[in-house]
Amino acid sequence: MAYLAHTAHAQLSALCLGCVGWTLTAVALGLVQWRVWLVLDSEVISSGVAWVGIWRACFNSHALASPGSTVMYCRYIGLTEAFTPPEIAAGQVLVLFSLLVGVLGNVAGFYTLRNVYFGMEKNLQCCFFTTGALFLSAAGVSLVPLLWNMISVVTNQTIKFPPDFKMPHSPDSQHVGCGIGVGIVGTSLMIISGSIFCTYRLPGRSQPGRPRAEVQIGGWSRDDTVFQSHEHG
């Protein structure tokens with residue numbers, strides 16, 4: 001049985017990177033700061049800053065709270081709502097799907113490395129490639145809504161929120177929030193992880209039998225087995 005544990009140190013590190021990347025992607029899904037809207041009219045949005053994520057739109061307000069206090073006012077953004085822009089709807093679906101594929105990648109990675117450390121060589125190359133493909137697929141799926149929402153911010157796209165959101169239809173300015181940044185970091189880690197898994201190669205097999213070492217006798221080169229037979233004869 002081949003000793004394979006020393007051949008997969010890079011893949012063990014890649015699995016750790018994949019786990020961290022998957023976790024950051026999950027964190028990005030829950031963050032509300034995908035888009036940061038700056039609003040000059042602070043009558044309702046007291047701080048002049050509102051946050052738009054792929055699930056909620058929120059802002060701090062004095063006007064909607066009891067006197068002397070501040071409340072964070074949030075409204076849920078539904079997938080099928082008429083005002084929901086396509087990039088946010090895509091984020092709700094694709095990031096969740098990315099997390100599901102990422103779970104499969106982590107499970108496949110644990111299973112594959114288990115086989116490595118137990119010396120189980122059967123289908124090992126295929127397992128490594130499958131794990132890498134899963135991580136790369138998860139990263140690719142989550143990257144689509146991240147870049148799409150980033151482009152929407154850069155081009156200053158608006159959202160026609162309904163009146164109960166108490167949000168303007170367009171901000172005075174907006175910039176990319178930390179939610180997109182966290183998601184891109186997580187996606188990058190999964191890309192690195194998947195690439196490392198896909199580059200794994202099984203070590204070459206050595207030829208069976210004992211190598212025949214040569215010895216030098218009187219200027220003649222003879223292998224040790226021949227020499228030993230003459231010596232005993």
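The chain is numbered in sequence order, starting from 1.
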Do the non-hydrogen side-chain atoms of [X] and [Y] ever get within less than 4.5 Å of each other?
| X | Y | value |
| --- | --- | --- |
| Q11 | I196 | yes |
| M190 | L143 | no |
| M150 | I184 | yes |
| L146 | W34 | yes |
| V101 | L134 | yes |
| C19 | N106 | yes |
| I159 | V52 | yes |
| V36 | V176 | no |

Report yes or no: does [X] contribute a side-chain atom to a donor-acceptor pair with the main-chain N or O of [Y] at less than 3.5 Å?
| X | Y | answer |
| --- | --- | --- |
| S193 | L189 | no |
| S152 | Q157 | no |
| E81 | Y76 | no |
| N60 | S47 | no |
| S98 | A138 | yes |
| Q125 | Y200 | yes |

*Evaluate side-chain contact (heavy atoms from CB on, under 4.5 Å) for N156 paired with Q174, printing each intermediate quantity in order.*
CA-CA 7 Å; N156 202 30; Q174 60 179 308; 2.8 Å; yes
Considering all heavy atoms, the nearest [X]-[Y] contact:
| X | Y | value |
| --- | --- | --- |
| T84 | A89 | CG2-N, 4.0 Å |
| W22 | L99 | NE1-O, 2.8 Å |
| F135 | G18 | CE2-CA, 3.7 Å |
| C127 | T112 | CB-OG1, 3.3 Å |
| G91 | P145 | CA-CB, 3.4 Å |
| V32 | C58 | CG2-SG, 3.9 Å |

_Run V44 and M167 through side-chain contact (heavy atoms from CB on, under 4.5 Å) and show every step you take._
CA-CA 9 Å; V44 176; M167 292 271 290; over 6 Å; no
*Can you list the steps and then say if T158 with H169 is a side-chain contact (heavy atoms from CB on, under 4.5 Å)?*
CA-CA 6 Å; T158 62; H169 288 174; 5.5 Å; no
Under a single-linkage definition using a 4.5 Å side-chain heavy-atom cutoff for Ile, Leu, Val, Met, Phe, Trp and Tyr, are [X] and [Y] assigned to the same hydrophobic cluster?
| X | Y | result |
| --- | --- | --- |
| F197 | F110 | yes |
| V71 | V39 | yes |
| Y73 | F165 | yes |
| L15 | I192 | no |
| V182 | V141 | no |

*Please walk me through it: do K166 and F59 pass side-chain contact (heavy atoms from CB on, under 4.5 Å)?*
CA-CA 10 Å; K166 304 187 184 307; F59 58 86; 4.1 Å; yes
To the nearest 0.5 Å, what is the distance between [atom1] on [X] and [atom2] on [Y]?
| X | Y | atom1 | atom2 | value |
| --- | --- | --- | --- | --- |
| S137 | F97 | OG | CZ | 8.0 Å |
| L136 | S195 | CG | OG | 5.0 Å |
| I88 | N149 | CD1 | CG | 6.0 Å |
| I180 | H175 | CD1 | NE2 | 10.5 Å |
| L17 | I191 | CG | CD1 | 12.5 Å |

*For the residue pair Q33 and W51, confirm or rule out a side-chain donor-acceptor distance under 3.5 Å.*
no
*Would you say the side chains of S142 and T187 form a donor-acceptor pair under 3.5 Å?*
yes
_Is it the case that atom CZ in F83 sees more than 12 heavy atoms from other parts of the structure closer than 6.0 Å?_
yes
